[in-house]
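The figures here come from the full heavy-atom set of this structure, side chains too, leaving out hydrogens, waters and symmetry mates.
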Amino acid sequence: MKQIKILAQFYVDLLVKLGIFRFSLLLAVALVALALVVQISVTLLLQGSMRDIEIIRSVTFGLFITPWAVYFLSVVVDQLEDSRQRLSKLVTKLEQMRARDMELNQQLQANISRLNSEIEEREKAEEAREEAMQDLENEVYQRENAQLAVAEKSALLKSFLDASPDLIYYRNENNQFSGCNLAMAELVGKSEKELVGLTPWDVYPAEVAKRIIKTDQELFDDNTAMTDEQWLDYPNGKKALFELRKVPLYNRNGKRLGLMGFGRDITERKKYEDALEKASSDKTAFISTISHELRTPLNGIVGLSRMLLETELTDEQRGYLRTVHVSAITLGNIFNDIIDLDKSDRRRLELLPQPLDLHEFIDDIGNISQLMAEQKGLRFDLECLTELPKNIEVDSTRLRQVLWNLIGNATKFTKQGGVVLSVSSEIHDHDADIIFEVEDSGIGIPKAEIENIFAMYYQVQQGNDNLHAVGTGIGLAVSQQLIQLMGGNITVDSEVGEGSTFTVKIRVPLVEGIIADDEIVTVVKPELTGLSIFMVEDIELNIVVAKSLLERLGHEVTVAMRGDQALAMFKPEDYDLVLLDIQLPDMTGFDIAQQLRQQYQDLPALVALTANVVNDKTEYFDKGMDEVLNKPLTVAAITSVIDNLVLSCSHELQQPDLVDIDNLEIANGNVIDTLLDLEMLTSYVEIVGTEPVYTSIEMFEKMMPDYLAILDSNMTAKDQDGIKFEAHKIKGAAGSIGLKHIQQIAQKAQSPELPAWWENINDWVDEIKYSYQNDINVLKTWLKQQ
């Protein structure tokens, strides 16, 4: 095989070397020669002789096959050359591939070395990882144990914080709550989860939130703890005074996270402090009042005993009488000393106007004043300068106190001469101006001191005789307050050494006389039926009372307890009459009326319900009401409204008849008439019976403790609006069951515009607290008799 390859390669090389033409000639000669040799050899072998024809035949055959052989060999040579070239290229590629393989092999060896190195490193890393995992498992185990311990401690701390009655909370520097305890959650009415993320603006009223944000900012600015007192409201309206302690809150790296707050309820402490203050004030006010009230009667005792000493008496009687006289004078001096020690302001001033016979009143004043003047050897004159009205309405006790004080001072600071009481009047259609002038010839008052003498505790020293023109300064100050409460004033004109004139001027109503003791009460007993009435009222007791009355009258009543609920429920075509309470939790009755009038063109009559005394209905009409009724509803009042506002709108209902209620004559001084609204109760019981009243009483008894608790908290907080609101609710509830006495006291408590309201509010609240149960017992007794 190797020789063939060599021969083929020789042949190809020869062809390439000689070229195709010379190679063809050479090949033709070779073939002819070969053909001759073969022919000759075969012929000689077979025949033994050689002829010429055979030689020619061999040459011809050689020449004939030469082109074919040349062609064949050329083709073979071309193919072989192509094969060679391809083979050469393949060899070149193989060499390149071999070189690349060598390179790749070197890279592979390097990669294998690196991989072996990485494998070793990974094995080492795996070993380290296994060791780290083991350490991590140990650390996780330790952390789990630590977390369990922390969780237990956190739960214990949370339980401790929640068990604390004090407020505890956290806020970040954006004033957002981050957490709180149970006491704080109960205060704001939100769970800790709900509270987190909220700010004081979202939790407290605007005024409270503003103050809290301000103190928070002060803490952040100064970066120091601070303490503040703040009144806060519970969800039920109860107020509590908290002592709030705020401290900066840091993490373990010293970065400030916000603040931590602590709040301690000091309401009871505040009540105790107020009670001490009130007790002290009540004590001094009581001493002052008793001293002033008893001094004048005591002077009467002194004067009468002195007059009796001038009559014929036995020695024993004279001795006894002298003891009485001296004891009275001594007691008077003690009262004066008590007044000198009484250095607190008067706190409670209340007027109780009653019909008064002015003529008898002035005579009594004159008699006592005569004795006071004679005791010092002075002259007393009583002068009526004009015609005086017979009967007026005034607080005679307070007016007498003022006049006795002025006359007593005039007598005290007059050494010689006398005292004159002049009385005059200017009578008008329904009232009169009454002027009292107390003139003395005493030491007088310096001009520079006159404008100060009515100030509490102000006193003037006159001369060397130790006379004080205005005593300790209490009597005139209190007298001025009393007269101002009566709508009047006290003025003074004086000259030193010439005496003084005090002028008291008040305006009082005129009355015809004493009201008859017995009255027959008549009520309207309607038989109206078929009305559909829509009532908006938030106090359940008022609802029960009004609904029972209206349903017994044959009407159908639909109730809404909030303004938004009323607006959603109301359809004008469904109702014949609308009763709107003025004070609701979310809006006023006026707001509802205005929205209804804006929304509908045709409306039934809108009637306001209020527990306030209505003297002028103009405001109610201007704010969209057709009428206004006082609570509790009475048969006569609701009948009048239906008659005027419903029947006039073509409702086909029967007209009411007037009937008399027999055996309901109550004496003017009867305690039942004082405590209960018998007119309302009688008409109510006549219509609905006693059972609904007992139900209403039971509801009232359940509601009052909560009302009073909230009222107490507002009293301690001195929240005038809160006191007014709770007193209004008590007034409405009491009026619904006919507790007239409680209703009247609550009316005063809800009226801060009254004179000396704050001075008297404690007494009014106490009277409500300690009287309502007794009044309920009286009501129950009265119901048993019906």
A.B. asks: Hey, what do you get for CG (L739) to CD1 (I730), rounding to the nearest 0.5 Å?
C.D. replies: 11.5 Å
A.B. asks: Whether K270 and E229 form a salt bridge (side-chain N of Lys/Arg under 4.0 Å from carboxylate O of Asp/Glu) is what I want to check.
C.D. replies: no
A.B. asks: Tell me if a side-chain donor or acceptor on Q750 pairs with a main-chain N or O of A746 at a distance below 3.5 Å.
C.D. replies: no
A.B. asks: Rounded to the nearest 0.5 Å, how far does CG of L779 lie from CD1 of I742?
C.D. replies: 11.5 Å
A.B. asks: Would you check if L358 and V508 make a side-chain contact, meaning some heavy-atom pair closer than 4.5 Å?
C.D. replies: no
A.B. asks: Using a strict threshold of under 4.0 Å (side-chain N to carboxylate O), is an ion pair present between R597 and D626?
C.D. replies: yes
A.B. asks: Near Y600 OH, under 6.0 Å, is it more than 12 heavy atoms from other residues, nucleotides or ligands?
C.D. replies: yes
A.B. asks: Identify which one of V559, T558, D576 satisfies the side-chain contact (heavy atoms from CB on, under 4.5 Å) criterion when paired with F534.
C.D. replies: T558
A.B. asks: Other residues, nucleotides and ligands only: do more than 12 of their heavy atoms fall within 6.0 Å of NZ on K718?
C.D. replies: yes
A.B. asks: Indicate the atoms forming the closest heavy-atom contact of L510 with D429, along with that distance.
C.D. replies: CD1-O, 4.2 Å
A.B. asks: May I ask you to check whether over 12 heavy atoms, not counting those of E540, lie within 6.0 Å of atom CD?
C.D. replies: no
A.B. asks: Passes side-chain contact (heavy atoms from CB on, under 4.5 Å), I212 versus Y204? Steps please.
C.D. replies: CA-CA 9 Å; I212 290 176; Y204 303 113; 3.4 Å; yes
A.B. asks: Quick one: pull up CG in L244 and CG in L232 and give me the separation to the nearest 0.5 Å.
C.D. replies: 6.0 Å
A.B. asks: Looking at A240 and Y234, what are the two nearest heavy atoms and their distance?
C.D. replies: CB-CE1, 3.8 Å
A.B. asks: I'd like to know whether L678 forms a side-chain contact (heavy atoms from CB on, under 4.5 Å) with K740, so could you lay out the CA-CA distance, the side-chain angles of the two residues, the decisive distance to 0.1 Å, and finally the verdict.
C.D. replies: CA-CA 9 Å; L678 291 177; K740 182 171 68 174; over 6 Å; no
A.B. asks: Find the distance between CG (L399) and CD1 (I483) and round it off to the nearest 0.5 Å.
C.D. replies: 5.5 Å
A.B. asks: Hey, does T716 have a side-chain heavy atom less than 4.5 Å from the side chain of L241?
C.D. replies: no
A.B. asks: Does any non-hydrogen side-chain atom of V208 lie less than 4.5 Å from one of V203?
C.D. replies: no
A.B. asks: Find the distance between CG (L606) and OH (Y575) and round it off to the nearest 0.5 Å.
C.D. replies: 13.5 Å
A.B. asks: What distance separates E619 CD from M625 CE, expressed to the nearest 0.5 Å?
C.D. replies: 10.0 Å
A.B. asks: Hey, does E767 have a side-chain heavy atom less than 4.5 Å from the side chain of H741?
C.D. replies: yes
A.B. asks: Between D586 (side chain only) and G563 (backbone N and O only), is there a donor and an acceptor less than 3.5 Å apart?
C.D. replies: yes
A.B. asks: Step by step, would you call W764 with L754 a side-chain contact (heavy atoms from CB on, under 4.5 Å)?
C.D. replies: CA-CA 13 Å; W764 292 331; L754 290 178; 4.2 Å; yes
A.B. asks: Do N714 and F725 come within less than 4.5 Å of each other through their side chains, counting heavy atoms only?
C.D. replies: no
A.B. asks: Would the number of heavy atoms belonging to other residues, nucleotides or ligands and lying under 6.0 Å from CD of E207 be above 12?
C.D. replies: no
A.B. asks: Check Q720 against P752 and note the closest heavy-atom contact, atom names and distance.
C.D. replies: NE2-CB, 3.2 Å
A.B. asks: Looking only at heavy atoms, which two atoms of S396 and F361 are closest? And how far apart?
C.D. replies: O-CE1, 3.7 Å
A.B. asks: Where do I392 and P389 come nearest, in terms of heavy atoms and distance?
C.D. replies: CG2-CG, 3.9 Å
A.B. asks: Counting only N and O atoms by type, is there a donor-acceptor contact under 3.5 Å from the side chain of D228 to the main-chain atoms of T215?
C.D. replies: no
A.B. asks: State, with a plain yes or no, whether a side-chain heavy atom of Y707 is found less than 4.5 Å away from one of M704.
C.D. replies: yes
A.B. asks: Please examine the side chains of I737 and S696, heavy atoms only from C-beta on, and report whether any two atoms are closer than 4.5 Å.
C.D. replies: yes
A.B. asks: Could you walk me through whether F570 and L603 pass side-chain contact (heavy atoms from CB on, under 4.5 Å), step by step?
C.D. replies: CA-CA 11 Å; F570 180 75; L603 286 172; 3.7 Å; yes
A.B. asks: Do D775 and Y772 have side chains that get closer than 4.5 Å, going by heavy atoms?
C.D. replies: no
A.B. asks: Just wondering, more than 12 heavy atoms not from E551 lying within 6.0 Å of its CD?
C.D. replies: yes
A.B. asks: Out of V536, L550, V557, which one pairs with L579 under the side-chain contact (heavy atoms from CB on, under 4.5 Å) rule?
C.D. replies: L550
A.B. asks: Would you find more than 12 non-hydrogen atoms of other residues, nucleotides or ligands less than 6.0 Å from K238 atom NZ?
C.D. replies: no
A.B. asks: Does the pair N774 and S771 meet the rule for a side-chain hydrogen bond (donor to acceptor under 3.5 Å, both in side chains), with working shown?
C.D. replies: CA-CA 5 Å; N774 175 73; S771 299; over 6 Å; no
A.B. asks: Of the non-hydrogen atoms in L580 and G589, which two are nearest, and what is the gap between them?
C.D. replies: CD1-O, 3.8 Å
A.B. asks: Please determine whether salt bridge (charged side-chain N to carboxylate O under 4.0 Å, His left out) holds for the pair E701 and K780, giving the CA-CA distance in whole Å, both sets of side-chain angles, and the decisive distance to 0.1 Å.
C.D. replies: CA-CA 12 Å; E701 289 179 306; K780 290 179 179 179; 3.5 Å; yes
A.B. asks: Looking at W757 and A749, would you say the former's side chain and the latter's main chain have a donor-acceptor pair under 3.5 Å?
C.D. replies: yes
